Each structure stands twice: as C-alpha cells, then as structure tokens.
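What follows is a set of notes on a single structure, which appears directly below.
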Amino acid sequence: MNRIAQVFKEKETAFITYLICGDPDIRSTEKIMHQMVKSGVDIIELGVPFTDPIADGPTIQRGIERCLQKNISLTDVFTLIKNFRKKDLSTPIVIMGYMNPINKMGIHKFAKKAKLIGVDGVLIVDLPPEESMLINQLLRENNLDQIFLASPTTKPSRLKKIIDMSSGYLYYVSLKGITGSSISDFSELKKRVIYIKKTSNNNLPITVGFGIKNSVIARNISKFADGIIIGSSIVELIEKNLKNKKVMFNKINLFIKDISRSLASK
C-alpha cells in the first residue's frame, strides 16, 4: 500500500495542504512543510511555478510570480522533495502544476525521477483525461498516483472517465471559478460529493478543495468528504508576512492547528 492509500485508510478525513515551491524561498518552503506535518497535515501538494496558471486565483498567481522571479523550476521542486525526504519518509507528496514544465523535462524522465525522489502523486491541472493516456500509464508503472480534477460542471459521462483514470484521490472543485473563492452552499456540495462516491466503483477517495478558508468550513465539509484541501489561505498568510518570517511561520502553524483540531472534533 502506498503512502496516499495509507492516509485514507487511517484517516476519516484527510487534511491536505497546498504550497508553492519556493514561496517565499526554498528553505522556508521546506520548513513550512515539516511544520505542517507536525501540526496535523496528512498530505502535501507542492505547486510547480508556471507562467500561465489559468486555474489559480490572484493570491496563488502572485505567489507563483514571486517564485518565477527567483527562477524556481521543476528541478528545484525535485531537489526540495529529495531534501524533505531526508527527514520525512511517511508524508505523501503530490506534485501539482501544469503540463508545460513536465513536457520540457520529458514525461519519461519526469516519471522515473519523481518515483526515485519519493513523490507519491501528480496532479496536472491543464491535462484532461482524454490526453492523459500515455502519462497515466507511465505514472502507474512507476507506482505514482495521477490525481484528476472534477467540478460542478463535469458531465456524468466525463466524470466516469475521470474516476476510471484516477488513483490516490479525486480533487473535487467545490465551486465554479478560481482558487480563493468562497463556499456558500454546503447542501448542494454534499449532494454532489455523495453522487460522485456512488458513481465510483473503485472506492476512490473524494476530496474537496477551493473555498475552504477556516475551520468552520473545513469541519462542515469533512462530514461528507474523504479529505479537505486548503491552499489559498496558506499562500495568503505567506504573502502578508513576507517581511517577518518568524510571524509567518507562527501564523501558518496556528492556522493549520486550528483546522486540524476542527477535523478531529467533528
């Protein structure tokens, strides 16, 4: 059983966070990752900076821009994960980003290298299942999960195709729009998640991301989802405290602990 599967076996609701590699800098990203694990995070999605982040909202776009100004690349992402694994061999790491940097490296090299350094899953935002056959096969051959996105606009026939190609977990986008938006209707979201679970015939965990800004929202979603994903709120804390890293680390730690406690007390 791989690390991602182990998390969903052990946790009623997995706590997943997103960070951009290199924001505010490489050393700080690694420090935040270790800090997150100690504070209750189960899986870390590590973002690869890319010049055209079409699915991301202003907060994450600005974070990506900060990283691009430092020339952070996919190679740097691999180096960071390799260093992280020197101290942590149990926390699943998912590389999240866009297809262009992977194509530039070469998909065969990417898959082999990802496995070698201890990556557990890959989420390619702009690669639809219809165009994922080759990389999906390569990732599976290297024991890497390919995680796909589904949204409120995903049609039933396409949803089935996405589920069939997915492994690890399904990332369900809670609302129409971009990262950083807000959730207002839990009942409709719950109906959709339950429907997706009934559609899945492979017991694929269904996680929810986008719009989870505080412990109240996290706790409400945890009542029906297998995992919750938080990204923009963490990147925002980084952005607001760039001039004082000590305060930054402390505020992220407090935020993560608050979410973790809310999931444990549901």
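Model, not experiment: these values are computed from the prediction.
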Qualifying residues under ring pair (Phe, Tyr, Trp, His ring centres under 6.0 Å), relative to Tyr169, sequence neighbours excluded: Phe8
Cluster link [X] to [Y], ILVMFWY, side chain under 4.5 Å:
| X | Y | value |
| --- | --- | --- |
| Phe15 | Val216 | no |
| Leu89 | Leu46 | no |
| Val41 | Leu254 | no |
| Leu116 | Val77 | no |
| Leu204 | Ile194 | no |

Hey, would you say the Phe78 and Phe110 ring centroids sit under 6.0 Å apart? yes
Salt bridge (Lys or Arg N to Asp or Glu O under 4.0 Å) evaluation trace for Asp226 with Lys11: CA-CA 8 Å; Asp226 297 308; Lys11 297 283 185 174; over 6 Å; no
Give a yes or no on whether the backbone of [Y] and the side-chain of [X] come within a donor-acceptor separation of less than 3.5 Å.
| X | Y | value |
| --- | --- | --- |
| Asp145 | Ile147 | no |
| Thr59 | Glu236 | no |
| Ser174 | Gly209 | yes |
| Lys223 | Arg219 | no |
| Thr199 | Tyr195 | yes |
| Thr29 | Gly22 | yes |
| Asn136 | Ser132 | no |
| Asp23 | Ile20 | no |

N/O donor to acceptor pairs below 3.5 angstrom from side-chain atoms of residues 32-40, sequence neighbours left out:
from  : atom 1 : to     : atom 2 : distance (Å)
Gln35 : NE2    : Phe249 : O      : 2.8
Ser39 : OG     : Gln35  : O      : 3.1
Ser39 : OG     : Asn253 : OD1    : 2.3

Do the side chains of [Y] and [X] get nearer than 4.5 Å, heavy atoms only?
| X | Y | result |
| --- | --- | --- |
| Ile230 | Ile16 | no |
| Met248 | Lys240 | no |
| Thr91 | Ile43 | no |
| Ile259 | Ile228 | yes |

Any chance you could lay out the salt bridge (Lys or Arg N to Asp or Glu O under 4.0 Å) test for Asp120 and Arg85, step after step, and finish with the verdict? CA-CA 12 Å; Asp120 300 278; Arg85 285 286 177 234; 2.9 Å; yes
Got a second to check how far [X]'s [atom1] is from [Y]'s [atom2], nearest 0.5 Å?
| X | Y | atom1 | atom2 | value |
| --- | --- | --- | --- | --- |
| Gln146 | Met165 | CD | CE | 6.0 Å |
| Ser151 | Ile162 | OG | CD1 | 8.0 Å |
| Ser200 | Leu170 | OG | CG | 8.5 Å |
| Phe224 | Phe186 | CZ | CZ | 7.0 Å |

Gln61 and Glu65 side chains, donor-acceptor separation under 3.5 Å: no
Holding to side chain to side chain donor-acceptor pair (under 3.5 Å), I want the full list of residues that pass it with Gln69, two or more places apart in sequence or in another chain. none
Salt bridge check, Glu130 against Arg158: does any charged N sit closer than 4.0 Å to a carboxylate O? yes
Ile221 and its side chain to side chain contact (heavy atoms under 4.5 Å, CB included) partner, picked from Leu263, Ile229, Val193, Ile212: Ile212
Partner of Asp25 under side chain to side chain contact (heavy atoms under 4.5 Å, CB included), picked from Glu30, Lys31, Lys245, is Lys245
Carefully, step by step, assess Lys104 and Leu74 under the rule side-chain contact (heavy atoms from CB on, under 4.5 Å). CA-CA 10 Å; Lys104 186 176 180 181; Leu74 180 54; over 6 Å; no
Can you tell me if [X] has over 12 outside heavy atoms packed within less than 6.0 Å of its [atom1]?
| X | atom1 | value |
| --- | --- | --- |
| Asn203 | CG | no |
| Arg140 | CZ | yes |
| Lys257 | NZ | no |

Please determine whether side chain to side chain donor-acceptor pair (under 3.5 Å) holds for the pair Asp56 and Tyr98, giving the CA-CA distance in whole Å, both sets of side-chain angles, and the decisive distance to 0.1 Å. CA-CA 11 Å; Asp56 296 301; Tyr98 296 82; 2.9 Å; yes
